[in-house]
Amino acid sequence: MKKLIIILVVTLSILFLGAPYFTGKVAETETLKLVEKINQSPTEYGSAEVLSYDRGVRSTSARYKYTPPIAFAALFEEFGEIIYACESSHGVVGIDYQCSLEGESSYSKFVAEKLDGKDPLSLFGSISALGGLSQTIALDEIKDVEVDGVMLSFPKAQISIETDTNATHFELSGNSAPFEMQSNGQKLSVGEVKIAGDFEKIADALFTGDMLMTLDHVNTVSPLGETSFKGLSVLSGASEQGDTLSSKIRFSVKEVIAAGLPFQTVEDIDFELDFVGLDKQSVIEYQAFAQQMQRDTLRSLESGSEPQLNPAELMPILEGMLKQGLEISSKINAKLDSKPNNIALDLKLLESLTLAQMSLFMTNPDEALKKLDVSLDASLDKILVDTQPMAAAFIAQSPLVAAGSDDYALNLKLGEKIELNGKKMSFSELQVLVFSSLPF
């Protein structure tokens with residue numbers, strides 16, 4: 001028993017004494033891999049250079065230089081060379097690091113002259129020997145700093161990214177504190193911002209997962225009046241179902257206030273856009289096309305030549321997305337002067353479409369509509385419409401609209417059968433009603 005205890009103590013001692021060296025070695029390997037990966041695509045990501053790397057048993061000191069891609073060079077021209085130093089401490093299962101900018105750059109002069117030498121920007125994180133990396137960029141609050149005659153303020157903010165060792169899974173989080181700015185009789189007030197995301201890489205530049213951003217408010221006050229957006233929220237997401245993908249976008253605003261709006265109140269704006277049954281391979285090809293187009297454009301900027309773009313290459317990719325079962329739906333709801341108003345559009349492909357068949361919608365619409373199932377539902381508050389002269393002149397008199405006791409409604413179904421507000425009709429009859437409703 002005593003021998004077992006001794007062996008255990010010795011083993012743990014070796015582990016805790018040797019682990020920092022091992023984690024430092026792993027961190028060095030992963031760091032050099034990251035630098036190499038950046039330098040493989042300098043046109044897109046710029047280039048990185050290790051100026052020095054001094055790895056000890058329990059700590060490491062390193063200096064790096066980063067050169068942005070030429071497309072963004074102008075943004076960093078006044079900044080000067082981007083050189084930063086990192087200090088890391090080695091633990092049992094990973095390292096913790098903290099980096100700071102250095103050198104005689106415009107930014108360092110700004111910090112020295114305007115911020116009493118206290119750099120508000122910091123970069124820190126950790127690298128695990130078990131796999132995974134976390135990185136946080138943080139900004140301390142800056143208040144009332146004069147730059148070229150303008151008083152600037154920035155809130156306390158940070159953004160963090162965690163990823164696995166293969167860089168296929170990412171978790172994103174960030175926040176920004178409320179802040180205000182005033183200049184020349186104008187005032188800007190921005191509320192708390194939060195962002196969160198969870199992504200899984202399934203192909204180059206193609207991810208599934210969700211991202212949510214919320215903004216408490218944005219208010220501006222000027223001699224012309226006040227503009228305010230309260231309770232903003234944006235949600236986007238994608239998921240994988242075998243050979244297809246689904247994606248969604250949600251955008252909402254609790255309240256809008258602005259001079260010149262034709263309504264006393266604008267509240268509870270909600271917008272939704274959904275895609276179901278997107279062909280995954282076509283989306284992957286589209287992402288590859290978009291990436292290549294971006295590379296070609298950046299290279300042309302480097303060489304000073306005109307980008308050679310060929311939109312025809314995109315056509316077969318888009319055609320690949322027009323497959324049977326594709327569904328697209330959108331909704332928008334809003335309370336205008338406390339009255340509910342709603343519009344919804346849904347489309348489903350009953351058969352796959354080719355680009356050549358698009359001409360059928362002009363030459364033989366009855367046959368083309370057999371490939372689709374389309375539904376449009378709209379409901380606008382009657383009192384609200386009647387108080388708006390232009391809207392009332394168009395909507396209230398339109399043969400496409402059914403007037404109810406509380407609202408003006410439009411219910412249109414297109415497909416093998418056509419219905420308008422519950423009445424079946426032919427496409428030619430619908431055409432007549434559409435043209436007769438136009439204001440010219």
Side-chain angles (χ1 to χ4, degrees), residues 75 96-100 115 118-128 132-145 152-164 167-182 186-202 205-221 226-240 246-258 265-275 330-335:
L75 296 175
D96 295 322
Y97 65 88
Q98 185 155 354
C99 304
S100 59
L115 304 178
K118 298 177 181 178
D119 190 352
L121 193 64
S122 60
L123 172 66
F124 56 91
S126 63
I127 301 175
S128 173
L133 179 148
S134 71
Q135 181 169 291
T136 298
I137 300 174
L139 176 70
D140 290 335
E141 183 182 25
I142 300 175
K143 294 189 68 174
D144 300 329
V145 176
L152 298 178
S153 297
F154 297 96
K156 180 180 178 65
Q158 73 172 37
I159 186 167
S160 301
I161 300 176
E162 295 185 14
T163 182
D164 59 359
T168 57
H169 181 249
F170 300 85
E171 293 184 20
L172 172 71
S173 63
N175 62 79
S176 175
F179 75 102
E180 291 185 353
M181 293 176 60
Q182 296 188 51
Q186 297 183 337
K187 179 179 178 181
L188 170 67
S189 173
V190 180
E192 183 181 23
V193 180
K194 292 182 179 180
I195 185 171
D198 195 320
F199 310 98
E200 194 76 30
K201 183 177 181 180
I202 62 174
L206 184 59
F207 297 82
T208 58
D210 296 320
M211 185 176 75
L212 173 65
M213 186 194 77
T214 60
L215 171 57
D216 186 71
H217 69 268
V218 178
N219 299 337
T220 61
V221 179
E226 178 184 0
T227 300
S228 174
F229 297 86
K230 297 181 180 179
L232 286 82
S233 173
V234 180
L235 170 67
S236 63
S239 58
E240 183 180 15
S246 297
S247 70
K248 62 183 178 183
I249 297 174
R250 304 285 186 270
F251 174 78
S252 65
V253 183
K254 285 296 182 183
E255 184 181 16
V256 178
I257 299 173
T265 61
V266 178
E267 301 170 302
D268 298 335
I269 300 174
D270 292 296
F271 172 76
E272 300 180 9
L273 178 63
D274 290 270
F275 293 85
S330 62
K331 298 179 182 178
I332 183 166
N333 307 318
K335 284 186 178 179

**Q** Are K248 and D210 close enough that some pair of their side-chain heavy atoms sits under 4.5 Å apart?
**A**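 The answer is yes; the side chains approach within 4.5 Å.
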**Q** Mind running side chain to side chain contact (heavy atoms under 4.5 Å, CB included) on K201 and L206 for me, showing each step along the way?
**A** CA-CA 6 Å; K201 183 177 181 180; L206 184 59; over 6 Å; no
**Q** Minimum heavy-atom separation for S160 and T136, please, with both atom names.
**A**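 Looking at all heavy atoms of both residues, the shortest contact is OG-OG1, 2.7 Å.
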**Q** Go through the steps for L273 and F271 under the test side chain to side chain contact (heavy atoms under 4.5 Å, CB included), then give the verdict.
**A** CA-CA 7 Å; L273 178 63; F271 172 76; 3.9 Å; yes
**Q** Supply the atom-to-atom distance T220 OG1 to I257 CD1, rounded to the nearest 0.5 angstrom.
**A**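 Between T220 OG1 and I257 CD1, I get 11.0 Å after rounding to 0.5 Å.
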**Q** Side chain to side chain contact (heavy atoms under 4.5 Å, CB included), that's the test. Do K254 and D268 meet it? Break it down for me.
**A** CA-CA 5 Å; K254 285 296 182 183; D268 298 335; 3.8 Å; yes
**Q** Please evaluate residues S134 and S126 with respect to the criterion side chain to side chain donor-acceptor pair (under 3.5 Å), reporting the C-alpha separation (whole Å), side-chain torsions for both, the decisive distance (0.1 Å), and the verdict.
**A** CA-CA 5 Å; S134 71; S126 63; 2.9 Å; yes
**Q** Under 3.5 Å, is there a donor-acceptor pair between the S228 and H217 side chains?
**A**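 Looking only at side-chain atoms, H217 and S228 do not form any donor-acceptor pair under 3.5 Å.
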**Q** Do T163 side-chain atoms and L133 backbone N/O form a donor-acceptor pair below 3.5 Å?
**A**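 Judged by distance alone, no pair lies under 3.5 Å.
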**Q** Does the side chain of E255 come within less than 4.5 Å of V266's, by heavy atoms?
**A**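 Side-chain contact under 4.5 Å: no.
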**Q** Given the rule in the side chain to side chain contact (heavy atoms under 4.5 Å, CB included) test, do D140 and D119 qualify, once you have shown the distances and angles that lead to the verdict?
**A** CA-CA 8 Å; D140 290 335; D119 190 352; over 6 Å; no
**Q** As an exercise, state the distance from CE of M213 to OG of S236, rounded to the nearest 0.5 Å.
**A**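 One gets 10.0 Å once the value is rounded to the nearest 0.5 Å.
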**Q** Once you round to the nearest 0.5 Å, how far does OG of S246 lie from CZ of F275?
**A**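 Between S246 OG and F275 CZ, I get 11.0 Å after rounding to 0.5 Å.
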**Q** For the side-chain contact (heavy atoms from CB on, under 4.5 Å) test, which of L212, D198, I161 pairs with L172?
**A**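 Among L212, D198, I161, the one that satisfies the side-chain contact (heavy atoms from CB on, under 4.5 Å) with L172 is I161.
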**Q** Any salt bridge linking R250 with D274? Criterion: basic side-chain nitrogen under 4.0 Å from a carboxylate oxygen.
**A**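 Here R250 pairs with D274 in a salt bridge, since their nearest N and O are under 4.0 Å apart.
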**Q** Of the non-hydrogen atoms in T214 and S233, which two are nearest, and what is the gap between them?
**A**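 Minimum heavy-atom separation between T214 and S233: CG2-OG, 4.1 Å.
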**Q** Drop me the distance from E171's CD to D164's CG, to the nearest 0.5 angstrom.
**A**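 That separation rounds to 10.0 Å.
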**Q** Is any side-chain heavy atom of M211 less than 4.5 Å from a side-chain heavy atom of F199?
**A**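 Yes; the side chains approach each other to less than 4.5 Å.
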**Q** Indicate yes or no: at least one non-hydrogen side-chain atom of E200 is less than 4.5 angstrom from one of T168.
**A**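 The answer is yes, as the side chains (C-beta and beyond) meet within the 4.5 Å cut-off.
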**Q** With a 4.5 Å cut-off on side-chain heavy atoms, are L115 and I142 touching?
**A**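 Side-chain contact under 4.5 Å: yes.
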**Q** I'd like to know if E180 pairs up with K187 as an ion pair, taking the criterion as any Lys NZ or Arg NE/NH1/NH2 lying under 4.0 Å from an Asp or Glu carboxylate oxygen.
**A**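 Salt bridge present between E180 and K187.
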**Q** Measuring from atom CG of N219 to atom CD of E226, what distance do you get when rounded to the nearest 0.5 angstrom?
**A**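 Between atom CG of N219 and atom CD of E226 there are 6.0 Å.
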**Q** Work out which heavy atom in D270 is nearest to a heavy atom in S252; give both atom names and the distance.
**A**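 Minimum heavy-atom contact is OD1-CB, 3.1 Å.
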**Q** Do L235 and I249 come close enough that some side-chain heavy atom pair is under 4.5 Å?
**A**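 No - every pair of side-chain heavy atoms lies 4.5 Å or more apart.
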**Q** A side-chain contact here means heavy atoms from C-beta on lying under 4.5 Å apart; do Y97 and I127 qualify?
**A**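 Contact flag for Y97/I127 side chains = yes.
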**Q** Can you tell me if CZ on F179 sees more than 12 non-hydrogen neighbours from other groups inside 6.0 Å?
**A**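 Yes, CZ of F179 has more than 12 neighbouring heavy atoms, counting only those of other groups under 6.0 Å.
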**Q** Answer yes or no: is there a side-chain heavy-atom contact under 4.5 Å between I202 and F207?
**A**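 The answer is no, as the side chains (C-beta and beyond) never meet within the 4.5 Å cut-off.
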**Q** Going from NZ on K156 to CG on L139, what distance comes out if it is rounded to the nearest 0.5 angstrom?
**A**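 Nearest 0.5 Å value for the NZ-CG distance: 8.5 Å.
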**Q** Could you pull out the closest heavy-atom pair between P155 and S176, with the gap in Å?
**A**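 Heavy-atom minimum between the residues: CG-OG, 3.2 Å.
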